[in-house]
Amino acid sequence: MKALRNFLDKVNPSFEEGGKLHAFRSVFDGFETFLFVPNTVAKRGSHIHDCIDSKRAMSMVVIALLPALLFGMYNVGFQHYLVHGEEASFLATFFYGFLAVLPKIVVSYVVGLGIEFVVAQWRGEEIQEGFLVSGMLIPLIVPVECPLWILAIATAFAVIFAKEVFGGTGYNIFNVALITRAFLFFAYPSKMSGESVWISQDPICGLGSTNALVDGFTGATPLGQATATTQLTDAIGSGISPMDMILGFYPGSIGETSVIAIGIGAIILLWTGIASWKIMFSVFAGGICTALLFNAVGANEVMNLPWYEHIFLGGFCFGAVFMATDPVTAPRTECGKYIYGFMIGFVAIVVRCLNPGYPEGMMLAILLMNVFAALIDYCFVQHNIKKRLNRVAINK
Amino acid sequence: MSEVIRIKKGLDINLKGKAQEVSAKAEASDLFSVRPDDFHGIKPKVVVHEGDAVKVGTVLFYSKTNPELKFVSPVSGEVLAVNRGDKRKVLDIRLKSDRQFTSESFPKGRPSEMTPENVKETLLNAGFFAFIKQRPYDVIADPNDCPKAIFISGFDSAPLAPNYEYLLVGREEDFQLGIDALAKLTKGKIHVGINAEVSSNLYTHTKGVEIHQFLGPHPAGNVGVQIHHIDPINKGDIVWTINALDVAMIGAAFKTGQISFARSIVLNGASVKNPAYYKMTVGECISNIVANNIVGDNVRYISGNPLTGTQIPADGFLGAFDAQITVIPEGDKNDEMLGWIMPRLNKFSVSRSYFSWLLGRKKEYNIDTNLNGGQRAFIMSGEYDKVFPMDIYPEFLVKAIIAKDIDKMEQLGIYEVAPEDFALCEFVCTSKIETQRIVREGLDYLRKELA
């Protein structure tokens, strides 16, 4: 530890202005502050500070994402062996999924952080931690068969056009990870929906099954099926129970399927206070109310999906817990958070039920409400301003 | 007795090094300093020169914009130097005490029997008026104004703050005389905010004031918070605020006919060996009271509390408005590894991403001056709201100030706030934003543009 500190102190001068490695100043800073808490002290204002910083806050979100990530890996393997009709050990199943998912994580982080490093150096700023979370979210919300080069392009697009052009972490209007997904969704629709993208069918590095696919194979997600039938099935055609939906053994984006894994993440986020319970709660409230409303109407198959299946299936839980609660793109007034969350739940179910083209509505709902977040804030701030003006009127 | 106003939002930071209510003695220092910067918002015109003899209450400088607003010497002796910095800005006026504390003349008597003009002139000439601040802008009050009301906070809720009940014990009469004098300066009321948890009759027998009880965590003792809950400031209003200790200081002068800036102060903080109360005078050098009383050598001396105080050197001076010297460890040589993921059980955080919430509120923390992270843009939301007990959106106000949007600042309530009200926001901020500096600059900018 001491030796490491001394080493950093020794190489530090070459990164300073005029040093030969000055072009890597931001990268060096990034790693140094990652290894050691910076020794900067309060210069003016408050002499003491709370020990939370944005690194800590972001790390908490990444930790909260781990259960969904690990289960997602296992489910990728599970679905693979399921459609090949082969029994595999727990380890083999997990390891297959690990090999399928790992490259996506690597691509997402390398592309995203690469851009962040370059921009930080160009602006002469410290590297900001925001992408630690986005880079973990991106692999979890894409289908497992999404090609890596497409993922790289989408990540680069999102980081540059959804974040850096607005000023970087803290200034973005849209959720960066969701812009990545939206880019994929509209630019490469065949890679993002349909029956062939949700299940990894080929062996990876010699691991996996080479058997032929079983009869009755369907790669469609339950939500994809719901537009046609209420008899939802898993990948080999047998029915899925609500228990399967909660556990998450069905095809879908890598991290979105398991309610339990997401629930563990939600508990971590709520307990640490990093995510707003107001948003999370009202997304579910909005979703459930809207689903019940459509149940009463019942004009098409999706409308007949019971409310709990709407919640359990697809990206609803994942979006509610990890996406809607992004503090930067959500409203910053406390009351506004209720409205924002409720509207996300509402719009998500409306898109699912009323739009035949998109089986999943969560992404569009959150992106749409990202736009309205500032407007919601505006209304509450304006209310506060009016109250203050009225006070003058009463006094006079 | 008035009803209790409950402050729900806020935060009590439990710091190590609290002082017991015992007085300690230290030899009085010969060195004194008066810093014009302590009196925010004035442009000083110095009238003394090196070598001049001064008494307690002799004018050292006055305000260029308000020549009747005078700032005086807290000691008798001679002027050692007038220190100037860039552009001949007056940094401080150094004085050497003759240890006599001979006072300029001051009319002994009951201010209630004097005319308002007479009281005002007396206070201005003795330099006491400089201890009255005004809101909006949180600057030294303009003697030509007639304030809507005068607000006095009867307690200090900041971390490690001195206990006013102890500082003012036995000085009820001084306090009453001070109130009588202030009553001549306003046509409105004088409001005193007291701590509902302390049952003492220090203030309750005072005549001519309206008492309001406050209950809750810091910043319940901030006069700004109290004003907001008693009678909020609107655009165009001017209110004055003054510290309860300074009220007693004014009263004592009317009682004795002697000007004196002596006061009890507390010396505390995690780096102090024996935290205790001392007798000091405004502007006195602290080197005698801190000598052989400090643990460790890498420490920070603060005149005032750790949230809003001013950093001073080890041989620095007690600030004009302070009754507290705090000494805490510096955090510039920690070299802490991987802090972002470590449990850090000994560190304090309001966030539950640390475990300090498990260890209870009684545990005392030794917080050093480390920022604990780098400065970022606003990321987390709702943090400020939890420690800002006013019906104001602090984050939106700070953003309006950064954008220099005068209309928005006014609309969002900048007239009601002072930098000290944002100290807790700055403490809890994940993004380490210097909110107190921003608010100070915002107030100065607004004052310059609208004056």
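Values below: every heavy atom of this structure, side chains too, minus hydrogens, waters and symmetry copies. Each chain gets a letter, A, B and so on, in the order its sequence line appears, and its residues count up from 1.
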[atom2] on [Y] to [atom1] on [X], rounded to 0.5 Å:
X	Y	atom1	atom2	result
B/Lys235	A/Leu389	NZ	CG	9.5 Å
B/Ile233	A/Arg388	CD1	CZ	11.0 Å
B/Ser381	A/Asp326	OG	CG	9.5 Å
A/Gln128	B/Ser431	CD	OG	8.5 Å
A/Phe380	B/Phe396	CZ	CZ	11.0 Å
B/Lys399	A/Arg332	NZ	CZ	4.5 Å

If you count heavy-atom pairs under 4.5 Å between each of [options] and chain A, which one has the most?
options	result
B/Gly373, B/Gly413, B/Pro306, B/Ser351	B/Pro306
B/Ala423, B/Gly382, B/Pro159	B/Gly382
B/Gly309, B/Cys429, B/Gly374, B/Pro419	B/Gly309
B/Lys432, B/Glu383, B/Gln375, B/Lys347	B/Lys432
B/Val428, B/Leu412, B/Thr435	B/Leu412
B/Glu410, B/Arg440, B/Lys408, B/Arg437	B/Arg437

With only heavy atoms counted, which part of [X] is less than 4.5 Å from chain A, the side chain, the backbone, both or neither?
X	result
B/Glu416	side chain
B/Gln411	both
B/Glu426	both
B/Ile328	side chain
B/Asp385	side chain
B/Thr310	backbone
B/Leu371	both

Q: Using a strict 4.0 Å threshold on nitrogen-to-oxygen distance, state whether A/Glu334 and B/Lys9 make a salt bridge.
A: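 No, this pair does not count.
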Between [X] and [Y], what is the shortest heavy-atom contact and its length?
X	Y	value
A/Thr333	B/Tyr393	CG2-CE2, 3.7 Å
B/Thr430	A/Asp53	CG2-C, 3.4 Å
A/Ser46	B/Gln436	N-NE2, 3.1 Å
A/Ser54	B/Ile379	CB-CD1, 4.2 Å
B/Gln311	A/His47	N-CE1, 3.7 Å
A/Thr169	B/Ala377	O-CB, 3.6 Å

Would one find more than 12 heavy atoms of other residues, nucleotides or ligands at under 6.0 Å from atom [atom1] of [X]?
X	atom1	value
B/Lys189	NZ	no
A/Phe117	CZ	yes
A/Lys386	NZ	no
A/Phe284	CZ	yes

Quick check on [X] against chain B: is it the side chain, the backbone, both or neither that has a heavy atom closer than 4.5 Å?
X	answer
A/Ile268	neither
A/Ile279	neither
A/Tyr171	side chain
A/Ala42	both

**Q.** Within-4.5 Å side-chain heavy-atom neighbours: A/Asn384 and B/Ile392
**A.**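 No, their side chains stay 4.5 Å or more apart.
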Q) So do the side chains of B/Arg352 and A/Ile274 get within less than 4.5 Å of each other, counting heavy atoms only? A)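 No - every pair of side-chain heavy atoms lies 4.5 Å or more apart.
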(Q) I'd like to know whether A/Ile48 forms a side chain to side chain contact (heavy atoms under 4.5 Å, CB included) with B/Thr369, so could you lay out the CA-CA distance, the side-chain angles of the two residues, the decisive distance to 0.1 Å, and finally the verdict. (A) CA-CA 5 Å; A/Ile48 52 177; B/Thr369 61; 5.7 Å; no
Q: Let me see the working for B/Glu330 and A/Lys43 under salt bridge (Lys or Arg N to Asp or Glu O under 4.0 Å), right down to the final yes or no.
A: CA-CA 11 Å; B/Glu330 277 287 3; A/Lys43 293 244 161 48; over 6 Å; no
Q) Centre of B/Tyr354's six-membered ring, under 6.0 Å away, within 45 degrees of the axis: is that where NZ or CZ of A/Arg56 sits? A)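 Relative to the ring axis of B/Tyr354, which defines the angle, A/Arg56 lies inside both limits.
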Q: Take B/Met380 and A/Ile52 through the test side chain to side chain contact (heavy atoms under 4.5 Å, CB included) and record every step on the way to the result.
A: CA-CA 11 Å; B/Met380 304 299 287; A/Ile52 189 167; 5.9 Å; no
Q: Return yes if a side-chain donor-acceptor contact under 3.5 Å exists between B/Asn372 and A/Asp50, otherwise no.
A: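 No.
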